[in-house]
Amino acid sequence: MKLLLTGVTGQLGTAVAGLAPRRGVRVVPLVRPARPGQVPFERAFPSLAADRVTGDVRQPLWGLEEAALDELADSVDAVVNLAGDTNWAGSGRDLYAVNVLGARNGHDLTRELQRRSGRRIVYAYASSIFVAGGTLGRIAEAPLAPDRHRTAYEHSKWLAERELERRHTPGEPDVLIARIAALLGDSATGATRRRNSLYLLAERWDELPGRVLPAMRGAKVDVLPRDVAAGTLLDAVAGLHRGGPRPEPVFAHVSAGERAPGIRGLLEVARALSPVTFGKWLRVVPASAEQVLWLSAHAERVLPLSQAWRNSLTGLRYIGLDRVMERGRLAELVDGPLPEPSTEKLARLLFDIPEPPRPLAPADSGLSRFLA
């Protein structure tokens, strides 16, 4: 399988690009023109430089030239859009340009490539499980209703989903709307491209006012190591491509779903792994969904908080709500087990707790003299 991939320099994109060769998948990265002071793409990603094409998701057909369109039409099997503006404090205009127009332009591009080639080409768009906003309980892999609790970022992703639903008609390219969980570092190395609000909150654990963390009683922390999410996404794209034409976009939650640990359990495991780091215990206080959502967005109204702290507290909505992302549609697409990261692994990644050193057998100096 061959993919046209955007967002290759991001948290998920780098993981997809790194994993793809091991899955027999070839990647054609779409990158924006180089900007002054930016590390050249060929230096940052030498293995991908030869296959790259230049474009911009904000432009019609992603700004690709005719020659590039013809070449891509003859070779790619899927267009995977991982480009996104994830700035929680970003302007509505910037969020709309990248997240909504980028999604629409990607669909138009896939349609054009399919028209030119006469072959079936699928389109995958990376949304977020947080388009759920303030919805609780079991979250279906289906279109979601308007929700007043969405942040500007979450709202832009929801608008993108609505746009792709609206534009899909029979005979159009099949569409996968992959709602991605919050991402942590690589499961083997811990390496991360970006420290999201959940990381920022973990870094300020000791500074929480009153050492109190508000959360619903059944609150879960639905996060995945980025390489695990990348592998699952590749499997889902391959599954969509293998299947027959779909009458409507397919929603799938690339997440831990029902296997996500509770916030209390995650903290208890972290404390057991590193009692010195967590010497001062944090108290999880039962709170309603309204309270958690309000604090994550408006805590500065009652507390003197810096911008860094306000960004950190956005992470409360990552960990404080009682809901489960359903994964039935994902299971239909993925040929293999669904993600099930261990609570210990997630605690180590989130709180930067190193793996224990491997024990070494002591030298047997007492018996070595008898060996000839």
For [Y], is there any backbone N or O sitting under 3.5 Å from a side-chain donor or acceptor partner on [X]?
X: Lys345; Y: Pro225; answer: no
X: Glu154; Y: Thr151; answer: yes
X: Thr6; Y: Ala83; answer: yes
X: Thr135; Y: Ala132; answer: yes
X: Thr189; Y: Asp186; answer: no
X: Asn105; Y: Gln59; answer: yes
X: Ser156; Y: Tyr96; answer: no
X: Trp62; Y: Gly102; answer: yes

### Task
Identify whether the distance between the nearest side-chain nitrogen and carboxylate oxygen of Glu355 and Arg348 falls below 4.0 Å.
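Between Arg348 and Glu355 there is a salt bridge, with a charged N closer than 4.0 Å to a carboxylate O.
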Restricting to salt bridge (Lys or Arg N to Asp or Glu O under 4.0 Å), what partner residues turn up for [X], sequence neighbours left out?
X: Arg119; value: Asp77
X: Arg22; value: none
X: Glu112; value: Arg115, Arg116

Which residue pairs pass the salt bridge (Lys or Arg N to Asp or Glu O under 4.0 Å) test with at least one member in [range], sequence neighbours excluded?
range: residues 45-55; result: Arg26-Asp51, Glu42-Arg52
range: residues 128-144; result: Arg138-Glu326
range: residues 218-244; result: Arg23-Asp235
range: residues 142-152; result: Arg148-Glu290

### Message
Side chains of His253 and Arg327: any donor to acceptor distance under 3.5 Å?
### Response
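Arg327 vs His253: no donor-acceptor pair found between side chains.
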[X]: side-chain contact (heavy atoms from CB on, under 4.5 Å) partners, not counting sequence neighbours:
X: Pro286; answer: Arg217, Arg264
X: Arg58; answer: Arg32, Asp56, Ala97, Val98
X: Ser128; answer: Phe130, Tyr153
X: Glu71; answer: none

### Message
Applying side chain to side chain donor-acceptor pair (under 3.5 Å) to Lys2 and Ser75, what does each step give before you reach the verdict?
### Response
CA-CA 7 Å; Lys2 187 175 181 180; Ser75 61; 3.2 Å; yes
### Task
Would you please test Arg166 and Glu163 for salt bridge (Lys or Arg N to Asp or Glu O under 4.0 Å) and show each step?
CA-CA 5 Å; Arg166 185 181 68 82; Glu163 184 71 11; 2.8 Å; yes
#### Entry: Sequence-distant partners of Trp158, ring-ring contact (aromatic ring centres under 6.0 Å, His included), two or more places apart
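ring-ring contact (aromatic ring centres under 6.0 Å, His included) list for Trp158, sorted by chain: His155.
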### Smallest separation among heavy atoms of Val131 and Arg179, with atom names
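Scanning both residues completely, I find the closest heavy atoms to be CG2-NE, 3.5 Å.
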### Task
Please answer: with hydrophobic residues joined when any side-chain heavy atoms are less than 4.5 Å apart, are Val79 and Val237 in the same cluster?
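They do not share one cluster, since no chain of ILVMFWY contacts under 4.5 Å joins Val79 to Val237.
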### Task
Could you check Asp174 against Tyr123 for side chain to side chain donor-acceptor pair (under 3.5 Å), going step by step and ending with a plain yes or no?
CA-CA 6 Å; Asp174 287 329; Tyr123 178 52; over 6 Å; no
### Query
Going through the distances and angles, do Val8 and Leu82 end up as a side chain to side chain contact (heavy atoms under 4.5 Å, CB included)?
CA-CA 7 Å; Val8 71; Leu82 306 185; over 6 Å; no
### Reported CD1-to-CG distance for the pair Ile129 and Leu224, which is rounded to 0.5 angstrom
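Reported to 0.5 Å precision, the distance equals 8.0 Å.
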